[in-house]
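In what follows, every heavy atom counts, from backbone to side chain, and hydrogens, waters and symmetry copies are set aside.
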Amino acid sequence: MQHIQSSVTGLPASCKSAADRAAQVLAEEDRYADLSESCRKKLTELEEELSRQTKERVALVAYRI
């Protein structure tokens, strides 16, 4: 099997998509809303309430739009 290097990351082609996804996730972090401690507490309480009602783990995310 031929060893192929990515020109972008220096990683083998098989790892390039994982590296690209990691870069995308890091770029998206800047879009999260900057919430106060009070707002984060409310989100956590709502996550817990929804988790109890649905019997599933629930995570809420606040984005700047």
Side-chain angles (χ1 to χ4, degrees):
M1 180 176 188
Q2 183 180 9
H3 184 72
I4 302 171
Q5 293 291 110
S6 164
S7 62
V8 177
T9 63
L11 295 172
S14 61
C15 296
K16 185 181 181 310
S17 64
D20 289 344
R21 176 70 182 131
Q24 179 184 3
V25 168
L26 290 172
E28 289 175 358
E29 285 184 1
D30 289 335
R31 296 190 309 188
Y32 295 131
D34 185 18
L35 300 178
S36 68
E37 183 61 34
S38 167
C39 287
R40 285 192 295 273
K41 183 178 178 193
K42 288 178 184 178
L43 275 178
T44 301
E45 291 169 355
L46 185 53
E47 286 174 338
E48 292 168 354
E49 175 65 23
L50 291 171
S51 293
R52 280 192 300 277
Q53 288 183 18
T54 63
K55 307 241 185 312
E56 296 180 336
R57 291 180 66 196
V58 175
L60 300 176
V61 180
Y63 288 103
R64 260 190 329 260
I65 54 173

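Within the 3.5 Å criterion, the main-chain N or O of Tyr32 finds a donor-acceptor partner in the side chain of Arg64.
Criterion: ILVMFWY side-chain heavy atoms under 4.5 Å apart, direct or through other members. Under it, Val61 and Leu46 are not part of a common hydrophobic cluster.
With sequence neighbours left out, the side chain to side chain contact (heavy atoms under 4.5 Å, CB included) criterion links Ser51 to Val58. Arg52 pairs by the side chain to side chain contact (heavy atoms under 4.5 Å, CB included) definition with Glu48, Glu49, not counting sequence neighbours.
Salt bridge status for Glu37 with Arg40: present, with a side-chain N to carboxylate O gap under 4.0 Å.
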